[in-house]
Q: 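Dumping the structure here so I can ask a few things about it.
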Amino acid sequence: MSISMLDGLLIAVFSMTVVFSVLCILYLVITALSKTLNKVGMASASNAVKQADKQTEVTAPAPAAAATDKDINTVSISTGELKLINVDEKTAALIMAIVSHESQIPLSELCFKSIRALEE
Amino acid sequence: MSISMLDGLLIAVFSMTVVFSVLCILYLVITALSKTLNKVGMASASNAVKQADKQTEVTAPAPAAAATDKDINTVSISTGELKLINVDEKTAALIMAIVSHESQIPLSELCFKSIRALEE
Amino acid sequence: MSISMLDGLLIAVFSMTVVFSVLCILYLVITALSKTLNKVGMASASNAVKQADKQTEVTAPAPAAAATDKDINTVSISTGELKLINVDEKTAALIMAIVSHESQIPLSELCFKSIRALEE
Amino acid sequence: MMFVDALQTIWRNSGFSAITWQQCVMIGIAFVLIYLAIVKKFEPLLLLTIAFGVLLANLPLAGLMNEPPAGSDEPGGLLYYLYLGVKKGIYPSLIFLGIGAMTDFGPLIARPSGLFLGAAAQLGIFSAFLIALALGFTPQEAASIGIIGGADGPTAIFLTTRLAPELLPAIAIAAYSYMALIPMIQPPLMRLLTTKKEREVKMEQLREVTKLERICFPIAVTVFCILLLPSVAPLIGMLMLGNLFRESGVVERLSETAQNALINIVTIFLGVTVGATARADRFLSPDTLKIIALGLIAFAFSTVGGLLFGKIMYWLSGGKINPLIGSAGVSAVPMAARVSQIEGQKANPSNYLLMHAMGPNVAGVIGSAVAAGILLALFG
Amino acid sequence: MMFVDALQTIWRNSGFSAITWQQCVMIGIAFVLIYLAIVKKFEPLLLLTIAFGVLLANLPLAGLMNEPPAGSDEPGGLLYYLYLGVKKGIYPSLIFLGIGAMTDFGPLIARPSGLFLGAAAQLGIFSAFLIALALGFTPQEAASIGIIGGADGPTAIFLTTRLAPELLPAIAIAAYSYMALIPMIQPPLMRLLTTKKEREVKMEQLREVTKLERICFPIAVTVFCILLLPSVAPLIGMLMLGNLFRESGVVERLSETAQNALINIVTIFLGVTVGATARADRFLSPDTLKIIALGLIAFAFSTVGGLLFGKIMYWLSGGKINPLIGSAGVSAVPMAARVSQIEGQKANPSNYLLMHAMGPNVAGVIGSAVAAGILLALFG
Amino acid sequence: MMFVDALQTIWRNSGFSAITWQQCVMIGIAFVLIYLAIVKKFEPLLLLTIAFGVLLANLPLAGLMNEPPAGSDEPGGLLYYLYLGVKKGIYPSLIFLGIGAMTDFGPLIARPSGLFLGAAAQLGIFSAFLIALALGFTPQEAASIGIIGGADGPTAIFLTTRLAPELLPAIAIAAYSYMALIPMIQPPLMRLLTTKKEREVKMEQLREVTKLERICFPIAVTVFCILLLPSVAPLIGMLMLGNLFRESGVVERLSETAQNALINIVTIFLGVTVGATARADRFLSPDTLKIIALGLIAFAFSTVGGLLFGKIMYWLSGGKINPLIGSAGVSAVPMAARVSQIEGQKANPSNYLLMHAMGPNVAGVIGSAVAAGILLALFG
Ligand code: NA
Ligand code: NA
Ligand code: NA
């Protein structure tokens, strides 16, 4: 297959136009989507979706509903007996170190059953 | 291949019976195994197998024999100079934090050679 | 293919010789390389390569140039908002625990922006 | 002129010109599954990836599942290659390797009678098999539909790829959806079939299990199950290898990788490609609706089977065994065991059945694999 | 005598007897690339592995890329097998899965006009395509060369393996090298094409993006892009699946594996085998020099395209949009956005453009994939 | 009647009806290997997985290694597919990639004379080769048996799959078992061949090695070894690529994945499938016993070779080099080096030979790979 320079130019112009058009349509889609979602979202869906908030955002308020059994289970695999609820492992380690130190009880004699983020 | 409903029923009953039989045999096998192992185990094998105890069970008494060169090596890959013997990394981190704080020596000036679980 | 024992012996002697020769050449190559590099290295290349020093060697002096944007970015993926510069995560966790304790400010109310190893 | 040609080429290649209403329906189904996976948290690891596969397969002309054209050097579609691991039965076994490394068979070793409950809770497999036969499915199809009642995704996918690959997406989606619905499906049946007195039963603490027993368990199960039913080897063999990695304590790094990198990579590939087999022309048929209905029946009968055998054990043991742990025999680890715990605690707030229910629960995994082996031996 | 035979065998099999000066040159090129990767930190993840592949492929008689001999049981070379994932187009898609899981599309959702900049910055693709045509390359080759201007490695490799596999090493090396050179290529053009007043513009803070928007974004992009351009499905589909893993928040473990173990394994295999296609007889040709020159042209034109459209948006918005964020539209995430940040801060020390430039930056990834889809539809 | 048919089908498919006494013996061998791996901690990463493969392959009718039936759509056995990576020589190279990323060649760079010890300790390879020839093995088989003396699992597996695949399980099991037995095999020979005065020698501290040397080392080794012996490219090439990942310091994530996810996945697949080649009919032959005996001879001669050359270096250096570090040249990293350390300390409690022995130890890996390359060039 061989094409003339003129054809090549047309293809280039045409392709660039298509790229623009596609991303332009995408612009419209995303804008429309955002508007719809934010309207709908205000009203009803927000509660439901909040539950899907990433577990890693510890600073956000943690609704109790988010702490489903699934979450607890996933974390408990790597931490043995201790249940971490809306708390990541590093934070938990720090909390344990501090409690141990402040209470003057050695870590080996302290037993943590679970650590749960406070609901604000 | 097509089969009559009667044949289907027979197959279903038969298969359910086989499932039961297999798991029943497994029940007998496991029961027999447990009895044998626990009898034999009382006497001799227990010492040998204790060595195979998981390193993660920190609360269990840790026989010195368990700390073979192999274990030390595996851990030391991820912790550089520090040797952890029957202690997991998180616990070690906490111990280091506490020692540093109690001794008022900044961490950067403390040097840990190894952390070993006490044998009870 | 079948060979006589005499041929076998010759092959064995020959092969052992080749192994020796190859590793001998390698010895010469490495010796020559080391000498060249250490001469050249004294003069000029040393500065450039220092930048390539492993990030894990925290105890080594950390030239500011090493903390390229790239490094910061890689680490920040796993630690959210906090930027670790020439510091590994475990050390950072300890530092945070200690700061929190010494300042009597609970961890949840402390906000670390970045932790950077001091340049000596 | 080139320009017009090019425009035509683009248009002819565009999905808008080719999409059918059936594909639109399938895309809608994909959205519903994504919703269930993310918002309702229905087994998201597989349902989200399956849903995305459904979406990709029904965007027309994308050709992600295309075979490489015969007699040409051109490659096939991306998902065609990833699907080979499903087609050859490799992925389900590797997922079982990871599951084995994650599973603690301790409660089952401590009280091996849980195996009977794990066997009884396979009732739904054969009930649904029979009803499917009556509805006109072939024996192979009926067996694949029945296995939904095993409440075990990889087993269902493994058996279906060998007996009735055309039903794969419907069966996989039904299996994972109902597994997520266990907390809704089981409690009414549990309250219906047991008395309050039975549900209140507190069970004796489980004995401690020695390290040696834990190590010998996977080896013994491998030897006996595969001798009895060789066709079950890829599933039971890998499940027990993973468990041996876990319990041996000497190959921590292999156990860790089997539980993380390996199972996650395989889950992604398996989920997307199983979803991508759900092409509109195949999936949108009355058969799919029948499969969904039969899957529910299968789950219900499995629960009933477990509960009824639980009642038998209650009587035989003189009231020492709480029949609620029977429903955990369906597998669906660890959801079904949690449902037993919750119902037990409702009847008696000081009742802790979780560890007791874990025995039947993990036995259910073995039971389903055994059932799959029988069906494969009969119809494979 | 055996001894002499053996000596001859070893010598005949030695690379010293077979090496050509072209291979020596290639080995030298490999050393230069290793130097750039390690000391200059030019995209080391790929450039270091590619360079090592170049080295291995040009040590004579090693045969690492040899096909298995037809009609024999003997295996092929190691890299021949690993290369299959490149040849079949699997690796670039899997890398996009990982990139999707690492990418935050938030800034683009907050200000979707970044998409226009991401489109404009594909100008270099088509400019280089035209010049390559004029230099006598076939349309397929010209398209593959042009895609260097997309500043996106996996896209370039994906398109080139389908259109002009013989140019793969030159295009891959050029693409990754110029991506690393972005901080040198772009600033002069940015200062040339914008006034100081334009560069000083501070932009309004981006609005917050809800979780729901983040989840719907990858789904919407998948549906619309693949409907419009089905050939783009393997790239956009996997990119958006990875992003859905990230944003859904319910499959953390899949997202983690896609970003780490999976993408790293694929990067190693892809890098080494792409490098290993750079055999001396193919690579040392005037075409390679032309490709390197055309790649620079492509990068420059893409930058110019983004900047000029940035100026248009500056005027249309009444001076609210800083045209410097236009050059970030070339993709090369996140380097190009950092260059915008640095130049903005030079003009006005209190100017923080980074987050504003991230929108066009990630839009550029989508833009390049779309451009690749068009070229594939036209010439594939 | 269906019922009887079904019963017959199940029985005919059961392993109990088909098992032979040879398979029972093999299952017993698998149990012994599992015992050694878990309780005695004999190289458990590979020996445990190999043992489980032996178990699976000898449970009759499981068919896990079955080829897909010709002219049918039915898939082959699970392990058949996983074994392809062994058969094509891919897994050993990928394991070497991980080993390279884990290995610190610093001590060897600091004192490159360790290379001579690493060469001398290959003596066992050629001794065992000769004896095997005398016992009637073909040259290919004799070479594969000899390589056990290289004390390097992946190298042994790589060479054996190419020269004598039917001996693979015996050779792999012997190699890994003897590697675990190093602390029992070597000390008597060490005390026999060295005087107390020699063993007491304290060695000078190693000089520091610069970053630049560490980076250039893998590149130089790659170029020279592969030029001299192209057939060694898959092993040395990948070993040095992994080491370059490690030392370059710019691709930390690739190095991490090569050392963890990738090597672990490959180890699982390689171990299980190598074990699964140990079918009773092949494995239970006098040849296996001969191989086990020859393996021990190979290890002993390699140790002796290293020690004797150590003594030569002791004399040449005027007593500055402790001959005990010679035995570490067999590779078996890092066990052999630890044995040198322990024996040195027994002779002189203040003697620390570990780092000095690491040089010959890692040189032994290169030495074995070179020896494998020669054997492959001669007999491949
Ligand atoms: Na089940
Ligand atoms: Na781009
Ligand atoms: Na060796």
Side-chain angles (χ1 to χ4, degrees), chain D residues 84-94 96-97 158 161-162 165 211-212 215-216 218-219 222-238 240-242 244-245 247-258 260-262 264-266 373-374 376-380, chain F residues 2 5-6 9-10 12-19 27 30-31 34-35 37-49 51-53 55-64 68 73-82 257 259-269 271-272 276:
Chain D
L84 289 175
V86 179
K87 207 165 155 189
K88 306 299 185 194
I90 298 169
Y91 294 159
S93 301
L94 295 183
F96 257 44
L97 182 76
F158 180 80
T161 48
R162 308 224 159 189
K211 190 84 199 153
L212 190 55
I215 292 172
C216 291
I219 301 168
T222 303
V223 171
F224 284 90
C225 283
I226 299 181
L227 275 178
L228 285 165
L229 272 171
S231 54
V232 92
L235 292 177
I236 291 287
M238 288 297 114
M240 292 300 146
L241 176 58
L244 186 59
F245 283 166
E247 300 298 353
S248 70
V250 291
V251 291
E252 202 61 37
R253 46 186 298 160
L254 300 187
S255 171
E256 200 273 336
T257 296
N260 288 292
L262 182 56
N264 290 343
I265 291 171
V266 171
I374 296 167
L376 200 55
L378 291 174
F379 304 116
Chain F
M2 273 311 284
D5 283 0
T9 310
I10 290 285
R12 270 199 311 274
N13 284 326
S14 140
F16 285 110
S17 72
I19 199 162
I27 292 171
F31 288 167
I34 291 174
Y35 171 83
I38 297 179
V39 180
K40 298 290 179 195
K41 296 198 176 159
F42 273 27
E43 294 284 320
L45 291 177
L46 269 142
L47 225 48
L48 182 64
T49 41
F52 207 85
L55 179 60
L56 288 177
N58 289 286
L59 293 169
L61 305 176
L64 288 171
D73 230 27
E74 225 179 300
L78 171 67
L79 300 184
Y80 166 80
Y81 294 109
L82 300 183
T257 295
Q259 288 177 50
N260 289 291
L262 182 55
I263 197 174
N264 291 343
I265 291 172
V266 170
T267 300
I268 295 172
F269 292 176
V272 175

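Just so you know, these numbers come straight off a predicted model, no measurement behind them. Quick note on labels: first sequence line is chain A, next is B, and so on, each numbered from 1.
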Q: Over all heavy atoms of both residues, which pair between F/Gly76 and D/Arg162 is shortest? Give the atoms and the distance, please.
A: O-NH2, 4.3 Å
Q: Kindly compute the distance separating CG (D/Leu244) from CG (F/Leu48), expressed to the nearest 0.5 Å.
A: 4.5 Å
Q: Can you give me the closest heavy-atom contact between D/Leu227 and F/Pro60, atom names plus distance?
A: CD2-CD, 3.7 Å
Q: Where do F/Thr267 and D/Arg253 land on the side-chain contact (heavy atoms from CB on, under 4.5 Å) test, with the steps shown first?
A: CA-CA 10 Å; F/Thr267 300; D/Arg253 46 186 298 160; over 6 Å; no
Q: Need one label for F/Phe16: side chain, backbone, both or neither, based on atoms under 4.5 Å from any heavy atom in chain D.
A: both
Q: Give me the atom names and distance for the closest heavy-atom approach of D/Val250 to F/Ala37.
A: CG2-O, 4.0 Å
Q: Please name the pair of heavy atoms, one in F/Ala62 and one in D/Ala233, separated by the smallest distance, quoted to 0.1 Å.
A: CB-CB, 3.6 Å
Q: Out of curiosity, F/Tyr81 OH to D/Leu84 CG, how far, rounded to the nearest 0.5 Å?
A: 9.0 Å
Q: Name the member of F/Ile27, F/Ile19, F/Asn260, F/Leu82 that forms the most heavy-atom pairs with chain D at distances under 4.5 Å.
A: F/Asn260
Q: Looking at CD of F/Glu74 and NZ of D/Lys88, how far apart are the two atoms once the value is rounded to the nearest 0.5 Å?
A: 10.5 Å
Q: Within this structure, what is the OH-CD1 distance for the pair F/Tyr80 and D/Ile90, rounded to the nearest 0.5 Å?
A: 10.5 Å
Q: Side chain, backbone, both or neither: which part of F/Leu64 has a non-hydrogen atom closer than 4.5 Å to chain D?
A: side chain
Q: On a heavy-atom basis, which atom in F/Leu56 and which in D/Gly237 lie closest, and how many Å separate them?
A: CD2-CA, 4.0 Å
Q: Once you round to the nearest 0.5 Å, how far does CG of F/Leu59 lie from CG of D/Leu228?
A: 11.0 Å
Q: Which one, D/Leu262, D/Ile226, D/Leu241, leads in non-hydrogen pairs under 4.5 Å with chain F?
A: D/Leu241
Q: Please look at F/Leu55 and chain D and tell me whether the side chain, the backbone, both or neither of the residue comes under 4.5 angstrom of a heavy atom of that chain.
A: side chain
Q: For a quick test of reading the model, state the closest non-hydrogen atom pair linking D/Thr257 to F/Ala261 and the distance between them.
A: CG2-O, 3.9 Å
Q: Nearest 0.5 angstrom please: F/Ile38 CD1 to D/Ile215 CD1, how far?
A: 4.5 Å
Q: Is chain F contacted by the side chain of D/Met240, its backbone, both, or neither, given a heavy-atom distance below 4.5 Å?
A: both
Q: For F/Thr49, enumerate each residue passing the side chain to side chain donor-acceptor pair (under 3.5 Å) test, keeping only those at least two apart in sequence or located in another chain.
A: none
Q: Where does D/Val232 contact chain F at under 4.5 Å (heavy atoms): side chain, backbone, both or neither?
A: neither
Q: Chain F: which of D/Val251, D/Leu254, D/Leu94 shares the most heavy-atom pairs with it under 4.5 Å?
A: D/Leu254
Q: Mind ranking F/Asp73, F/Ile263, F/Asn264 by heavy-atom pairs under 4.5 Å with chain D and telling me who comes out on top?
A: F/Asn264
Q: Is chain D contacted by the side chain of F/Phe269, its backbone, both, or neither, given a heavy-atom distance below 4.5 Å?
A: side chain
Q: Heavy-atom distance under 4.5 Å to chain F: side chain of D/Ser231, backbone, both or neither?
A: neither
